[in-house]
Amino acid sequence: MEKGMTINAILATDDNMGIGYENSLPWPHNKKDMKWFRDCTSGHVVVMGRKTWESFGSKPLPNRINVVVTNREVEGNPDAVMSGDVDGILEILGYKYPDLHIFVIGGANIYRQALPFCDKLYVTQIRGAYKCDTFMYNQDFEGFGVQEYIDVDDDMTIQIRSRR
């Protein structure tokens, strides 16, 4: 990964672009995807909505600066709780952490607000169609071309997309 701050989104989808079900991942635990996520985001800033924070048990992800975007109170102890426009929050984080990468990690509403400001998307496709109630859409990824395609195994692939 290049040096200096970038704003990125990292997410996993199923074959139908589903990303969640009842505030959790809809597919069985995937060690390879969890390792990929941990390796990409470790040592950097992760930005998430309140529901994503709660899906982690309201506990910070280790070795990351955890920022929760919400206008409600949250339980647990994130590094920062911020409310307001996501673009303004990302700008503040960029000034505060100029040498770290910022990773938007969900949920769907936070992704949609942040995507116009993202430099890269890290998209894992978990093969299969799962029961989902939260989705991304192809138009969410418009303007991002595939820079790298990693065929991990029969269960998942990874696309690194960058702004065209």
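Bear in mind that the values here come from a model prediction, so they are computed numbers and not experimental data.
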Measure the spacing between [atom1] of [X] and [atom2] of [Y] and express it to the nearest 0.5 Å.
| X | Y | atom1 | atom2 | answer |
| --- | --- | --- | --- | --- |
| Leu93 | Ile102 | CG | CD1 | 5.0 Å |
| Leu11 | Tyr111 | CG | OH | 4.5 Å |
| Leu90 | Met5 | CG | CE | 8.5 Å |
| Lys51 | Asn109 | NZ | CG | 9.0 Å |
| Asn16 | Met136 | CG | CE | 14.5 Å |
| Arg50 | Ser83 | CZ | OG | 13.0 Å |

Distance-minimising heavy-atom pair for [X] and [Y]:
| X | Y | result |
| --- | --- | --- |
| Gly43 | Leu100 | O-CD2, 3.3 Å |
| Gly84 | Ile89 | O-CD1, 3.9 Å |
| Ala114 | Val104 | CB-CG2, 3.7 Å |
| Glu75 | Pro78 | O-CD, 4.5 Å |
| Trp53 | Asn77 | CZ2-N, 3.7 Å |
| Gly18 | Cys132 | CA-SG, 3.6 Å |

Pairs of donor and acceptor atoms involving the side chains of residues 65-72, under 3.5 Å and at least two apart or interchain, shall be tabulated with distances.
{"unit_1": "Asn66", "atom_1": "OD1", "unit_2": "Leu61", "atom_2": "N", "d": "2.8"}
{"unit_1": "Asn66", "atom_1": "ND2", "unit_2": "Leu61", "atom_2": "O", "d": "3.0"}
{"unit_1": "Asn66", "atom_1": "ND2", "unit_2": "Arg64", "atom_2": "O", "d": "2.9"}
{"unit_1": "Thr70", "atom_1": "OG1", "unit_2": "Arg72", "atom_2": "N", "d": "3.0"}

- Message: Whether the side chain of Thr41 engages the backbone of Phe37 through a donor-acceptor N/O pair (distance < 3.5 Å, no angle test) should be reported.
- Response: yes
- Item | Under 3.5 Å donor-acceptor, Asp14 side chain and Met17 backbone | yes
- Besides Tyr95, the hydrophobic cluster formed by Ile, Leu, Val, Met, Phe, Trp and Tyr side chains linked at under 4.5 Å, directly or via other members, contains none
- Message: Who clusters with Tyr21? Use side-chain heavy atoms, under 4.5 angstrom, across I, L, V, M, F, W and Y, and order the result by chain and number.
- Response: none
So do [Y] and [X] actually touch side chain to side chain, heavy atoms under 4.5 Å?
| X | Y | answer |
| --- | --- | --- |
| Ser162 | Asp119 | no |
| Ile150 | Thr157 | no |
| His101 | Asn8 | yes |
| Lys31 | Met34 | no |
| Tyr122 | Gln159 | no |
| Phe144 | Cys118 | yes |
| Ile105 | Phe56 | yes |
| Val86 | Phe117 | no |

Would you say [Y] ends up clustered with [X] if hydrophobic residues are merged whenever their side chains have heavy atoms under 4.5 Å apart, either directly or through other cluster members?
| X | Y | value |
| --- | --- | --- |
| Ile92 | Ile110 | yes |
| Ile126 | Val146 | no |
| Phe135 | Met156 | no |
| Val152 | Ile160 | yes |

- Task: Answer yes if the side chains of Asp87 and Gln113 hold a donor-acceptor pair under 3.5 Å, and no otherwise.
- Result: no
- Item | Check: Ser42/Asn63 side-chain N/O donor and acceptor closer than 3.5 Å | yes
- Message: side-chain hydrogen bond (donor to acceptor under 3.5 Å, both in side chains), that's the test. Do Gln125 and Asp15 meet it? Break it down for me.
- Response: CA-CA 7 Å; Gln125 188 196 358; Asp15 288 346; 2.5 Å; yes
- Message: Quick test of your reading: applying salt bridge (charged side-chain N to carboxylate O under 4.0 Å, His left out), list the pairs with at least one residue in residues 121-139, sequence neighbours left out, ordered by first then second residue.
- Response: Arg127-Asp151
- Sequence neighbours left out, what pairs pass salt bridge (charged side-chain N to carboxylate O under 4.0 Å, His left out) with at least one residue falling in residues 104-117? Arg112-Asp140
- Should we say atom CD of Gln147 is surrounded by more than 12 heavy atoms from elsewhere, each under 6.0 Å from it? yes
- Message: Can you confirm whether Gln139 is buried at CD, in the sense that more than 12 heavy atoms of other residues, nucleotides or ligands lie under 6.0 Å from that atom?
- Response: yes
- Please list, chain by chain and in numerical order, all residues satisfying salt bridge (charged side-chain N to carboxylate O under 4.0 Å, His left out) with Arg163, sequence neighbours excluded. none
